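Some notes on the structure that comes next.
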Number of protein chains: 2
Amino acid sequence: MAKPEIHTMEELSAAIGVSRPTLSRYFQDPTKVSRSSVERIRSGLERVDYIPNFFATRMNRKSTGMIGVIIPYLNDLFFTRLLESLERAAMRAGFTVITQCSHSDPEIEARAAETFLSMNVDGAVVAPLGNHSDLKVYERLNERLPFVLMDSRPAPLSGVDFVGTDHVQSTGIITEYLNRVGTPPIFLAMPRMNFNAYEREMAYITKMEELGHEPVVIGAGVVEEGSYFEGHGLAVLNDYFSRGEFTGSSVLCANDRVAIGALRAAAHHGLQPGAMRQGGLRIAGHDDYPLCPFTVPTLTTVAQDVAAIGQAAMDRLIEKLRAENSQGNQTVQLINGTLKIRESA
Amino acid sequence: MAKPEIHTMEELSAAIGVSRPTLSRYFQDPTKVSRSSVERIRSGLERVDYIPNFFATRMNRKSTGMIGVIIPYLNDLFFTRLLESLERAAMRAGFTVITQCSHSDPEIEARAAETFLSMNVDGAVVAPLGNHSDLKVYERLNERLPFVLMDSRPAPLSGVDFVGTDHVQSTGIITEYLNRVGTPPIFLAMPRMNFNAYEREMAYITKMEELGHEPVVIGAGVVEEGSYFEGHGLAVLNDYFSRGEFTGSSVLCANDRVAIGALRAAAHHGLQPGAMRQGGLRIAGHDDYPLCPFTVPTLTTVAQDVAAIGQAAMDRLIEKLRAENSQGNQTVQLINGTLKIRESA
DNA sequence: AAGACTTTTTTACACGTGTTAATCATAGTC
DNA sequence: GACTATGATTAACACGTGTAAAAAAGTCTT
């Protein structure tokens, strides 16, 4: 690194004897410059240390090549996997992803949206916070940018593109499976912090009624702020188990993290949930959290196709930002879940 | 949102009758402007839709107020917690964190570093990738920016500030505990993808020898690319257990994710690891992964103080970037782990 | 009401690159 | 050797905001 540092294209131009506009074109797209110039620039850059200024380049371009992504929280492997698939899809298409995490705080979420607007990102993908979100934030983004909502969908929001799991289908197939193979399941709800919680609950109820069974939902009222999903599942089931209730039931949990808490509650009470034990306790989840194959017992669940959701969201966004004018009409892509049968149910 | 959109300060100045330099000062720090002007601007902004251009503002400031953070991968709750604590610390100090994830790819890591340089971030914090990293990337960042390395430390790198867990201490106390309460533990190593793997292994060996026991390390040679930690722990122990080996041993795992795989292997072979069963199998981990209280059995481990590490790394970085000139000397902060005794050992 | 401040406005230049129009150099063709 | 493409260079302006200096306006003290 004894290379002399050069801070502007002007200086670089002087140092290697290539005009600044040519350098500008080179850094945007080397193919727009003749072969001989490319060679001259390449060899020059080896003798000298220079990086184009990020802000100066983006300020004038019509397109910044950046896509903003907002995620509600990171301490959940579901969202990190989603983020990864988004980033890979964006990278393949030549875009840079700027991620902001709202840490469950609507104010931070709103601020992140403003930041994206002020950065002139080419588009934005948002996984909503949940009930606490300010819907105006999404409307504002949707008005001013190519915008796609992902994972969960605030009911009253229309005219906004959406990509997520078809919870009617996904919750449906596992409800059906549980009914087919054992006793009708009860539903262990999760704190109502996001819209999917409600959708899955409704999907469960619908499917149960369709099959002629009475739906039973527990743990829905409890909304302990700051309590994690696992803790919620553990607390709710511990409570019932110690009163001797539901110890031989089939329990469909609103998601795998709740189910992991449920497994823990079962172990704590000496119960051994599992498909093999006919008539006994069974526990199932939703999402196919990466740890499902390693829990004790391994967790039966419905897999959300994270890779497909991320890819589809990015594809739709890029489609929108390429075809500026044709606003087209609202697109809603619901992606199927697939049953993952393991030991627990 | 019927507000007219205004795109430049010039237009805003004309629209609300406040001069552009005053507006500029207002957006940087409202207290640098008289109360009456603040009022006039506030009320003006309610009638009109304007956000200062991110790039134009950053381009001219000496300080961009941004801190770059590079994380090796996101599919690990340890790093997401670390990231969260970094972001909170930065937010408190008035900085914005730009996160880049290298997805275990040295090329992406190098590109992220270049991006930070071209963005003129005020400083950078990096959690290294591991063996595959190009050390020149860190050296380059360290030369040109206030820079702090975090979590794991490439041995041959000197002169670089570092904040992380004291693995000699942390691995020491759990090795000692396991020896004190039961049979001398063997060490289930993890794929050598990062430097901590080696540090913990060495710390275990040292402590064992100090206590007069023979260290035994298993699973160190296996380096399956793309295999996750849990799968590694599961595969290695499954192998031994099915040959009847180590079924009654104490097993210290290189981290909690490996330990979760180990628990799974135990369950698969009908073994019930736990502190209560004298003379039987015991399994312990390292990190205090958030799921430890929910595994079956709950996992005994050493907690890394993630909050302290993030805070200390950010504090040190901010200290460096405030005192530009005084390069000072290298600072290495090693933070103690604390024993978390649960059921598994 | 004059003087001493404080704050705002005006004016002008700066930042580093995108971009365009016109001029110039080079290579290839006949 | 003159003609035509092709690409490079030069010169100039643009982007939206930071910032500094000087002039103007407002506020407070006496």
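Hydrogens, waters and symmetry mates play no part in the numbers below; they use all other heavy atoms, side chains included. Source: prediction; values computed, not measured. Reminder, nothing fancy here: chain letters follow the sequence lines and each chain counts from 1.
A salt bridge does not link A:Arg322 with A:Asp122: every distance from a Lys NZ or Arg NE/NH1/NH2 to an Asp or Glu carboxylate oxygen is 4.0 Å or more. Ion pair B:Arg42/B:Glu46 not flagged as a salt bridge, since none of the NZ, NE, NH1 or NH2 atoms sits closer than 4.0 Å to an Asp/Glu carboxylate oxygen.
Rounded to whole angstrom, the span from the CE atom of A:Met59 across to the P atom of C:dT17 amounts to 11 Å. Atom CZ in A:Arg58 sits about 17 Å away from atom C1' in C:dC15, given to the nearest Å. B:Leu12 has its CG atom 12 Å from the P atom of C:dT9, to the nearest Å. With rounding to whole Å, A:Phe55 atom CZ is found 20 Å from D:dA14 atom C1'. The nearest whole Å value for the distance from the CG atom in A:Leu23 to the C1' atom in D:dG7 is 15 Å.
Picking from C:dT19, D:dT17, C:dT17 the nucleotide with the shortest atom distance to the side chain of A:Tyr50 gives C:dT17. Which of D:dG7, D:dG16, C:dT8 sits closest to the side chain of B:Asn60 comes down to D:dG16. Comparing D:dT17, C:dT19, C:dT17 against the side chain of A:Pro52 picks out C:dT17 as the nearest. Between D:dG16, C:dT8, C:dT10, one nucleotide has an atom nearer to the side chain of B:Thr8 than all others, and that is D:dG16.
For the pair B:Ala56 and B:Ser19, nearest-nucleotide mapping onto DNA chain C gives the more 5' position to B:Ser19.
Counting distance only, with no hydrogens placed and no angle test, the side-chain atoms of B:Asn53 and the base atoms of D:dT17 include no donor-acceptor pair under 3.5 Å. Applying the 3.5 Å distance criterion, the base of D:dG18 shares a donor-acceptor pair with the side chain of B:Arg20.
A cation-pi arrangement is found for A:Arg153 relative to A:Phe162, the charged atom lying closer than 6.0 Å to the ring centre and inside a 45° cone about the ring normal. Relative to the ring axis of B:Phe54, B:Arg58 places its NZ or CZ within 45° and under 6.0 Å from the centre.
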